Each structure stands twice: as structure tokens, then as C-alpha cells.
Amino acid sequence: MEIFLEYSSKAIEKKWQEHWKQNRSFEPSNDFSKEKKYILSMFPFPSGRLHMGHVRNYSISDAFARYYRQQGLNVLHPIGFDSFGMPAENAAIKNGSHPKGWTYDNIDYMKNEFYALGFSFSREREMATSDELYTKFEQSFIIDMYEKGLLYRKKGMLNWCPHDQTVLANEQVVDGCCWRCDTPIVKKDMNQYYFKITQYSDELLSDLSKLEAGWPKQVLTMQENWIGKSNGLEFDLHFDEVSKAKLSAAFERFDVFTTRPDTIYGVSYTALAPEHDIVTYMCENKLLSQESIAEITAMKNTSSIDRQKEKKGLSLGLDVLHPLTGAKIPVWIANFVLMDYGSGAVMAVPAHDERDFDFAKKYDLPINAVIKPFVGEHEASAAFTEVGILFNSAAFDGMNSKESQSSIIDYFEANKIGKRTTNYKLKDWGVSRQRYWGAPIPFIHCECCGLVMEKKENLPIALPEDIEITGEGNPLDKHPTFKHCKCPKCGADATRETDTMDTFVESSWYFLRFCADASNWESEAFSQEQIAYWMGVDHYIGGIEHAILHLLYARFFTKVFRDLGYINFDEPFDKLLTQGMVLKDGSKMSKSKGNTVDPDAIIEKYGADTARLFILFAAPPTQELEWNDSGVEGAHKFIKRFYDRSSNIVATQTIPKIDHAGLSKEEKFARKKVYEALARANDVFAERYTFNTMIAGVMEAMNALNAQSNADVWSEGYWILASIMEPVIPHVAWEISEQYFACKNLSVQRVLEEVFVEDSIMLGVSINGKRRAEIEVAADASDTAIIALAKEAAAKWLEDAVIVKEIVVPKKLVNIVIKG
RNA sequence: GCGGAUGUGGUGAAAUUGGUAUACACGCCAGACUUAGGAUCUGGUGCCGUAAGGUGUGGAGGUUCAAGUCCUCUCAUCCGCACCA
């Protein structure tokens with residue numbers, strides 16, 4: 001009797017979601033003798049609802065997780081929420097909600113969406129970074145880092161977002177604007193806590209080579225550029241006696257850095273950043289005219305974007321002495337000199353640097369050429385920035401400019417007037433935020449003891465809930481009791497720090513927390529044993545937008561935790577897969593453009609399996625994905641057909657044994673396509689991650705199965721295809737597998753080589769590389785026989801021609817080269 | 001400016017080492033079944049051409065018996081960084 005069921009996504013999906021929940025189907029095992037896979041997707045911010053980008057992200061990671069579970073591996077596939085941050089507070093200001101209530105309501109809603117999509121996350125390890133239990137350990141790490149000198153507090157010029165009323169890290173300033181709200185940032189002088197990420201600059205850079213095999217090149221390059229290492233010469237420029245007197249001997253010299261020591265004899269002026277100490281001193285002591293001081297103040301208040309529009313500067317009326325020639329060199333201020341790179345002062349060589357050239361032209365400063373091209377002359381209308389031959393450079397005349405660099409640095413070092421130095425663009429990471437909804441920084445200000453750490457046994461320092469959020473200032477600062485405390489050292493009345501941490505701190509170690517069994521979460525952050533077993537993350541999946549921020553910080557934390565003795569590896573993420581954006585009508589889906597597609601609506605109309613299938617089929621994961629409604633229909637149709645045609649299966653609990661030799665041509669072909677699909681699926685998960693081709697292979701196999709009617713071939717085909725498709729369309733795959741195979745097929749499947757052995761093969765015949773005919777030959781036919789057949793098939797093309805060469809490419813084609 | 005990528009049918013895209021370009025799907029066309037169909041099934045579908053045939057992977061060269069794939073130059077688009085001394 002024929003079994004026939006109509007496909008109903010709702011009933012099937014609900015049934016299996018309930019089944020997986022009841023059976024704790026996706027919890028990792030604590031049996032550390034098993035081979036493991038740690039599959040991690042970047043956890044979401046609980047913004048309210050999932051968007052298609054999330055669906056894509058987790059569809060990919062879920063496919064990996066389910067595949068490796070079928071392979072019999074111990075799989076950790078956790079999910080959490082990166083739940084601190086400004087939007088919770090912004091919502092509070094807008095709607096009068098409480099950040100905590102808003103956040104946890106959103107988490108509940110989004111969790112339901114996850115499970116409605118059938119994602120196989122560990123439910124037991126779900127967490128949110130705003131949970132007090134998470135804050136507790138984070139604060140403990142912060143204290144460790146402070147003790148190690150990796151966290152410090154300093155007054156400095158900070159990026160301030162006037163809209164969000166908070167400080168931003170350099171990485172969070174995009175084109176001079178806040179990365180979150182796009183408000184132009186301003187500089188503000190205030191106290192801030194910093195992580196000493198620069199201590200790891202060199203290692204963060206050199207360890208990128210360890211990631212070459214598993215990370216996209218683009219991300220590696222972006223990090224490399226961000227760290228921005230450059231080698232060069234650092235030396236002091238000394239003021240002449242007149243200038244020293246002008247400065248009342250407060251300064252004798254300043255420091256400059258150059259990557260072009262070869263141009264040293266071409267220095268014709270030097271320039272300081274408007275924020276430079278010497279400039280500040282001169283302004284404060286009225287050593288400059290009123291107009292000049294006003295101009296400098298204006299320069300300092302100009303945003304970095306506006307500063308780029310036009311080079312501006314002014315002379316300080318001071319001179320320094322050239323370190324080699326002793327010649328007097330004027331000192332200027334220039335708006336293009338950055339205070340936070342190098343020493344905030346540069347030597348200027350207009351003849352060989354475009355910026356210096358523009359500036360010299362504008363202010364009529366001398367231009368002294370010291371490098372000429374190997375051949376020909378250089379036009380004086382622009383800077384000559386290429387490699388050439390040195391002249392006007394004393395003992396170095398005639399040298400190749402590139403090669404001279406090292407000799408010149410050696411000369412500075414030998415004479416103790418300068419040294420070889422490396423500079424980085426990377427800055428220390430400012431982590432304090434003047435906001436409520438973040439992890440409190442566990443420090444106390446005491447009048448007699450200074451900055452004091454909270455005692456670890458008092459952690460977590462939790463956020464008070466009875467706060468008033470107005471959008472102005474930090475609510476913690478205004479709270480009646482939060483900031484009043486006793487000094488942990490001397491017991492006197494003291495003030496608690498009200499700054500909270502940048503949310504990127506939480507996401508810098510969450511992947512370690514997931515390694516810990518939830519039953520131990522109270523007592524420890526994680527254990528050595530758990531970390532040693534689960535780390536590194538085998539597949540990390542997320543958006544390219546985190547190429548610098550999150551991925552750099554997480555790498556930094558890993559190295560710090562290693563140096564604190566918590567872990568013993570250098571890099572957290574073995575393989576990184578950066579998914580492409582989800583587009584509609586050619587542009588990124590966004591609320592402001594009004595081109596979003598709501599995942600809930602798709603689940604409602606077609607079911608989760610359809611959404612997942614479409615997303616994985618429409619494009620390879622790293623590419624952009626264009627949303628297409630008829631493509632979704634197509635995916636849905638395939639699932640219906642896949643379900644309907646399962647009626648051809650004969651129920652069995654073992655894979656059918658089939659005598660291949662006795663089959664018809666169509667039956668043999670169907671088996672071949674099925675096993676081809678299996679081989680491709682294994683390859684896709686191991687190497688290529690192109691799920692679109694894996695699914696195409698299954699569709700081909702379905703088409704081939706449909707062209708024959710052998711029940712055993714159908715059953716064997718479905719045994720394998722349902723297993724291949726389970727990572728993509730899990731609900732319907734489990735339904736079919738249960739119905740016919742007692743789910744025994746959801747396991748490792750072996751590729752049967754015998755089905756690839758064929759009696760005869762088709763070969764293309766080409767003449768001079770152009771395809772002219774096709775022949776069918778026996779699988780074991782000799783080259784001679786093949787060529788004879790080919791000539792016969794292409795006889796028409798060989799008349800009156802001289803055959804020059806005959807090439808047989810096994811199992812592919814025959815090429816005959818002719819003349820005339 | 002520097003760096004990274006991507007260019008293949010009407011569309012999304014395949015082509016693992018150089019070996020029959022366009023698999024799979026969408027769309028479109030035709031047919032079948034239907035009272036009907038935006039359902040289902042079957043067949044067709046790169047372009048030019050009635051056909052024979054020609055032509056075809058952004059463009060121009062080159063290597064090779066053979067190039068989407070390798071090399072040189074070039075154009076276009078996208079992304080990242082950007083006065084970093």
C-alpha cells in the first residue's frame with residue numbers, strides 16, 4: 001500500500017522542534033575523548049527581531065553543526081546575546097521602557113524565532129552578556145588585566161559622540177562620525193580607561209600568518225592595514241640658541257619619525273601638530289600673536305574630515321638645527337600633522353613628499369631635491385617620490401635611495417643622534433563609556449588610596465535597576481546609592497566608578513564562556529580542561545563588518561588570557577567564514593530603505609525549511625545574496641516534490657543492497673547521481689562551503705531518480721539524499737527519515753565507488769580544439785580504438801586534411817590537430 | 001592615492017588539476033491534465049542563422065594540441081583604509 005502525505009510545513013516543523021527540545025538533541029557531550037567540532041556564529045545584539053542577515057548567518061552555522069553531528073562528532077553550537085549597549089538605552093529614552101526589560105523581552109522573542117527556524121543550538125548554554133553571572137567574571141578579568149598593567153587610566157583627548165553622549169574607540173569612528181548614529185564626533189579631554197592593545201601590536205600582526213589558511217585574505221589585509229606597522233628612523237631636532245631663549249629653555253628639542261631617512265639631506269622645514277606640547281606651551285605663555293593663537297585654536301577645533309580639505313599652517317618663528325649639516329631649519333605648525341601618530345612632529349622634505357610639497361608651495365618654503373631618477377630628469381612641478389639616486393647628500397651621494405636607508409640609519413645610530421624605530425597606527429583601546437547599560441568597571445576612587453580595585457569576592461558589581469534615564473549624562477552618576485561605597489583598602493568613604501565598559505569587551509571572550517558546562521557557570525568562567533578540549537573554534541561565521549573591531553579585540557583578549565595563564569593557545573578562530581550581505585532590489589536590506597523581508601512572514605507562508613533552502617541555494621555563502629520571491633517559491637516547490645516523491649520509498653532500516661550490474665541504464669545513472677551528490681556534499685563541508693552546488697547535486701540526483709522506477713534505487717537514493725539535506729532542511733528530512741528509515745540514515749554515509757564504474761563513456765571529439773562530434777566508447781577502449789572511432793565520427797572535417805597530432809584525454813575528449 | 005575583490009545567458013549562478021562553457025534553479029515558450037489556474041506534469045530555451053554553419057565567459061594581446069581557468073596590458077563595478085610622516 002502506498003503511503004502518501006501532503007507536505008505541511010507547519011505541522012512537521014512544530015513536531016520536530018518539539019522533539020529536539022524534549023530529547024535535548026543538540027547538547028554537547030562532556031565526553032572529551034570524542035572528536036569535537038566547535039561551530040560558532042557571531043552572536044546577535046537583541047535588537048527586537050531577527051533579520052535575513054541573521055537567518056543567513058545561522059543557516060550556515062547550523063548546516064555545519066548538523067553535518068558534523070551526523071558524522072558522529074561531539075558538536076558545540078552555542079548561541080547567546082550581546083546584550084549590553086546603547087540601543088537599549090535609546091529605546092528607554094524614546095519609549096520610557098527599562099533597558100533591562102527591553103533587552104530581555106527582545107531576547108525571549110528572538111529565541112523563539114531561532115527555534116522556529118530549527119537552529120540546532122545548545123539550549124543549556126544560552127546566555128546573555130548582560131547576565132550578572134557573565135559580568136561577574138568579566139569584572140574579574142578586568143582586575144587581572146589591571147594588575148598586569150594591561151589596563152590603565154589616563155586623561156586624554158577622546159572621540160566624543162554628542163548624540164550618544166559617550167566616548168568612542170578609534171575603531172568606532174567611521175569617516176569622522178559615530179559608527180552607530182553617524183553624528184560627527186568631537187574631541188573631548190577627559191579621563192578614560194584603556195586596554196594596552198599596542199603592547200601586542202607586533203604579535204597581532206605577525207600571527208596573522210597563522211590564519212592564512214583559514215581566514216579570508218581580505219580580513220587579514222584589513223587587520224594588517226589597521227595595525228599599520230612601519231619601520232624608519234627616529235631622531236631629535238635641537239633648537240638653536242635663539243629659539244631656546246624664546247622658549248625660556250622649557251624645551252630644547254623635539255622628536256620626529258620618518259620612513260624616508262634617504263631624504264634627510266632634503267629637509268627644508270619641520271612641522272608640529274597643532275596639539276603638540278610645544279605649541280600648547282607657546283599659546284599658554286603668549287609667545288605667539290593673538291591672531292596665531294586664534295588660528296591654532298580654530299585648527300584644533302576642526303574635524304578631521306575638514307582638516308583634509310586644505311593644508312594650513314603657520315610659522316612658529318623658531319629654528320632647529322639639521323642633525324647632519326647643522327643648517328637652520330624653520331619650525332612650522334601644520335594641520336595635516338597628526339598628534340596621535342609618531343611623536344606629532346615631522347621633518348618635511350617637499351622635494352620628495354607630496355604633502356610637504358603642497359605645503360611648501362603654499363607657504364613659499366624651500367624645496368631641496370636630493371634624489372634624481374636613474375634616467376632622465378624630474379619635472380620640478382611635483383614631488384619626486386620614486387626610488388632614484390642620491391645627490392647633495394654628502395657621503396651618501398650616488399647611492400640607490402632605497403638601499404641607502406639602512407646605511408643612513410646606521411650612521412645616525414653610530415653617532416648616537418637617532419635610532420631605528422617601528423611605529424604602529426594601532427592605538428590603545430579606550431574602553432570606558434559614560435552610559436548605564438554596560439558592565440560596570442569594578443574600580444573605586446579613594447581620596448587617600450587613589451584608584452583601588454574592587455575585591456573579587458564582591459563581584460559582580462551589578463547595575464542598580466532603579467534608575468532614571470533621561471538621555472543626559474550617566475544615570476549611574478545620578479543614582480542615590482550606587483556610587484557611594486567604602487574603600488576596599490582603607491575602609492574610608494569612597495566613590496565607585498560610574499563608567500561602564502565598551503560592549504566589545506563582552507564579545508571578546510564569549511566564545512570561551514561557551515566552552516564551559518552551564519552547571520559550572522556559578523563557580524568559574526570556564527575550566528582549563530574545557531577550553532583545551534573545545535578551542536579553537538573550528539568554524540566561525542559572521543559578517544565582514546566585524547573584520548577589524550570584534551575580530552581584532554577577540555584576538556587581543558586571547559593573547560592576554562594566554563599571558564594570564566588561563567589558556568595556552570594564541571589564536572581563537574581557526575577558520576573564519578564571512579558571509580555576504582542580503583540584498584533586495586540591489587541594495588542592502590534596511591528599515592530605512594524599506595526593502596526588508598521579515599523572516600517571520602516567510603516562515604509563516606512557506607516554513608523554515610524553505611527559508612533555509614533558498615538562502616543556502618541562491619548564492620555561495622561568501623557572496624552577496626539577492627532576495628528573490630520566485631526563487632523562494634522554487635525552493636518551496638523542491639521541498640514539496642522531495643516530500644511527495646518519498647512515496648516511492650520502501651520502508652527499511654538498513655540501506656538497500658543493490659546488484660548494480662543487473663540495473664537498467666536509467667537506474668545506474670540515478671545511483672551514480674546520488675553518490676555523486678554525496679561525494680560533493682562531503683567535499684563542500686570539508687573544503688568549499690558552496691552549499692549551492694551541494695543542493696544542485698541533490699536536485700540532479702532527484703531528477704535522475706525520477707527518470708526510473710526501481711523501488712530499491714528510490715529507497716537507497718532517499719536514504720542518502722535525506723541525510724545530505726538534513727543540515728539544510730532538517731524538519732522535512734527528519735520527517736521522511738523517521739517515516740521510512742527510523743532515522744537510521746541520519747549518520748555517516750559511505751560513497752560506493754562501484755556506481756561510478758561505467759561500461760561505456762561519452763567522449764567529445766574536437767578538431768583543432770573546436771568540438772565537432774561525440775563518440776561512445778567502451779570504458780576500457782584503447783587509445784588506438786578511440787582515435788579510429790573519433791576519425792570516423794568527424795570524417796567530414798578530416799577530408800583533404802593532414803593530421804598533425806592526435807590527443808586522447810582519458811574520460812574527457814579526443815583532439816585531432818590538422819593542417820590545411 | 002594604497003590595499004582587497006568581482007566581471008560568464010533575460011536572472012541567481014555552475015565548471016575541484018588548463019580538457020565537451022552555461023550544471024542546478026528562476027524566468028520565458030510550447031504541450032498535457034483541468035470549469036479554471038499564479039496548481040501539477042512533460043518538453044524546449046546562450047546569441048546570429050530557415051539550415052549548413054558561425055559565434056560566445058568585460059576588452060586587447062600572449063602561452064598551449066586545448067584557456068572562463070595560466071601570463072601581460074587595459075576597462076568597469078564593488079568593498080576596506082586613507083594627509084600614518
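Predicted, not measured: the structure shown is a model, and the values here were computed from it.
- Pairs of residues two or more places apart, or lying in two chains, never qualify as salt bridge (Lys or Arg N to Asp or Glu O under 4.0 Å) while including a residue from residues 627-638 of chain A.
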Which letters describe nucleotides 41-66 of chain B, given B = protein heavy atom under 4.0 Å from base, S = only from sugar-phosphate, - = neither?
-> SS---------SSSS---------BS
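- Taking atom CD on A:E626 and atom C1' on B:G12, their separation rounds to 9 Å, with Å as the unit.
- Contacts of A:M42 classified as side-chain contact (heavy atoms from CB on, under 4.5 Å), with partners at least two apart in sequence or in another chain: A:N57, A:Y510, A:Y540, A:H546, A:H550, A:L551, A:L576.
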Distance-only criterion, 3.5 Å: show the donor-acceptor pairs between side-chain atoms of residues 269-279 of chain A and protein atoms not counting sequence neighbours.
residue, atom, partner, partner atom, Å
A:Y269, OH, A:D356, O, 2.9
A:E275, OE2, A:R307, NH2, 2.5
A:H276, ND1, A:I278, N, 3.2

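- Taking A:E604 as the reference, A:K10 meet the side-chain contact (heavy atoms from CB on, under 4.5 Å) condition, with sequence neighbours excluded.
- Every side-chain hydrogen bond (donor to acceptor under 3.5 Å, both in side chains) that A:S760 has, sequence neighbours left out, goes to A:E776.
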Give the dot-bracket string for RNA chain B, reading 5' to 3', where a pair is Watson-Crick or G-U wobble with both distances under 3.5 Å, ( ) marks pairs inside the strand, [ ] marks pairs crossing earlier ones, | marks a partner on another strand, and . marks unpaired.
-> (((((((..(((......[....)))((((((.......))))))(((....)))..(((((..]....))))))))))))....
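- Among the protein residues, A:P620 comes within range of the sugar-phosphate backbone only, with heavy atoms under 4.0 Å from sugar or phosphate atoms but none that close to a base.
- Side-chain contact check for A:D262 and A:S404: no donor-acceptor pair (N or O, by modelled atom type) lies under 3.5 Å.
- Take the nearest nucleotide of RNA chain B for A:T221 and for A:I695: the residue whose nucleotide is more 5' is A:T221.
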Can you give the donor-acceptor pairs under 3.5 Å from side chains of residues 333-348 of chain A to other protein atoms, not counting sequence neighbours?
residue, atom, partner, partner atom, Å
A:N335, OD1, A:K312, N, 2.9
A:N335, ND2, A:E310, O, 2.8
A:Y341, OH, A:S230, OG, 2.8
A:S343, OG, A:D255, O, 2.5

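- Residues satisfying the salt bridge (Lys or Arg N to Asp or Glu O under 4.0 Å) test with A:D609, not counting sequence neighbours, are none.
- Of the two residues near RNA chain B, A:T690 and A:N703, the one whose nearest nucleotide lies more 5' is A:T690.
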